[in-house]
Amino acid sequence: MYRSHHCGQLRTSNINEEVTLSGWVQKSRDKGFVIWVDLRDRYGITQLIFDADRTSEAMMTMAKSLGREFVIQVTGTVIERSSKNPNLETGEIEILVSKLTVLNEAVVPPFTIEDQTDGGEELRMKYRYLDIRRNPVKNNLIFRHKVTQEVRSYLSSQEFIEVETPYLIKSTPEGARDFVVPSRMNEGQFYALPQSPQTFKQLLMVGGMDKYFQIVKCFRDEDLRADRQPEFTQIDCEMTFVEQEDILNVFEGLTRHLIKSIHGKEITSFPRMTYDEAMETYGNDKPDIRFGMQFGELNAVTQHKDFGVFNNAELVVGIAVPGGNRFTRKEIDGIINWLKRPQIGALGMVYSRCNDDGTFKSSVDKFYDQDDLRKWSEITGAQSGDLVCVLSGPTDKVRAQLSALRMELAERLGLRNPMEFAPLWVTDFPLLEWDEESERYHAMHHPFTAPKPDQIKLLDTDPGAVKANAYDLVLNGNEIGGGSIRIHDKATQALMFDHLGFTPEEAKEQFGFLMNAFEYGAPPHGGLAFGLDRLVAILGGQETIRDFIAFPKNNSGRDVMIDAPSAIDETQLKELHLKVELK
Ligand code: ASP
């Protein structure tokens, strides 16, 4: 028996018991005649004591030789500590060791295994197994487990069945490139790893499973943006005989359940907002609604004067920054420079200070009088003491810029409390999205999403205006889930493929299996998927998903610990019928 207890377990009630513990040496303090060793495992730390009066000389020598991260087993008696440590759950006791076995030695770790470590990111990734011994990483993994367990229990209680779908499949278009796997047995042919189980879950609905979920790995070969992983985990769900409303209700329930069970917090408001509303009021389809600063469109009250910049702009739009009138000129210049960085790309910013005496002082006083500025503040909801920030230009660009400014200022003003949770649904997404590069429409969600039935006829005349029964779940400014009601008849699906530029042959080649299935009594269905990594990170009050993944890849998609991807040898290449020509 390696242990009778774990290292976070013993209390004063165990005093005088003989116990056996196993774990890692966190650190030892050698005072010559007394040696204390902190013994660590997943559950906590227990202090061991060796002292010259009560411990044999041989064992004292052995205890002195213990290095950091040695794996040891000890047997001894639980005794009361003379100086207690209130910060440690086991801080009132220690173990007077009578038997010590070194189970394995350890070389000195490349960074300290403490909550605050001296190890840089790259080093910690290379030795991730050591990083996982640290509390912050360990606790994140335990937290993730707790979230997934709550997800499974909630969905199971709603009669969802977890079904596994295959990883070696044929391309599923979710808008990224596929990772492909060469087939040894089928020369010149490749599997694709799923970008999501989308088509399979739809086939499960045709198969009558009614309510499906799966906590599942998905793979997307994208140019890595910050905090994206080439493989990531979804909570993937699908339901039969449902309308959008049914789906929103079920997953609103799941979201409420998670926030309640994890944080004990009741969500009092769960708003719904159309895509158009979100773009108008927040400039963004994933608005952070923990704070106000809603957009106020100012075209009507700015384009009657001689200010060419505004007169020529498609959109003039502002936000009221709470308390922003206290910003110095220098701070405002700082904000303007921030906006002008290439990542944001604004040409400038107009502002109006809302003074305490009800007057205004703007950067364009030459053009606008007090009455004009009063209207700006009314429309943006500014109070005295606020600063109205105004941007202008092409609608899409300006919205994106002002949205970025809104988030940045909210961050600086401390309005984004990570322990406050503000979920909402954004609904009625456009069905299609114009792609500049390929000069054609792409599915905004994916090609299986159903257009709103009354808008199908618009597909021929104004495809960009067609809205879909598609929705996103947004939490604290992050899209954490998205889904749609699906097309379930062959004709509409064929029409959709046609609009996406597939020839009937191409559609048949790629999605014939689905179109066939639609001929055998496919029920109306719909669903969604949550990004588990991001959901867990946000629920954990943190920003980066990497910290919640046991073995993440770095920003270049590499696993630096196992050194993947890597070359394969000639024989393997040959077996796979591949020839690699290196540039
Ligand atoms: N398959 C979709 C995705 O990965 C989710 C869905 O439509 O259910 O985003």
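As a basis for the values below, the full set of heavy atoms in this structure was taken, side chains included, without hydrogen atoms, waters or symmetry mates. Order of appearance sets the numbers: ligands from 1, and atoms from 1 within every ligand. Just so it is clear, the model here is predicted, and its values are computed rather than measured. In what follows, residues are counted from 1 in the order of the sequence shown.
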*Are the aromatic ring centres of Phe429 and His445 under 6.0 angstrom apart?*
no
*Could I get the full list of salt bridge (Lys or Arg N to Asp or Glu O under 4.0 Å) partners for Asp288, not counting sequence neighbours?*
Arg290, Arg416
*Taking only heavy atoms of the protein into account, state which residues are under 4.0 angstrom from an atom of ligand 1, in chain and number order.*
Glu174, Ser196, Gln198, Lys201, Arg220, Gln234, His445, His446, Gly482, Gly483, Arg486, Gly527, Leu528, Ala529
*Hey, is Arg558 close enough to Asp563 for a salt bridge, meaning N to O under 4.0 Å?*
yes
_Lys/Arg-Asp/Glu bridge criterion (N-O < 4.0 Å) met for Arg272, Glu277_ = no
*Excluding sequence neighbours, so at least two apart, what forms side chain to side chain donor-acceptor pair (under 3.5 Å) with Asp462?*
none
_side chain to side chain donor-acceptor pair (under 3.5 Å) partners for Lys452, two or more places apart_ = Asp428, Asn469
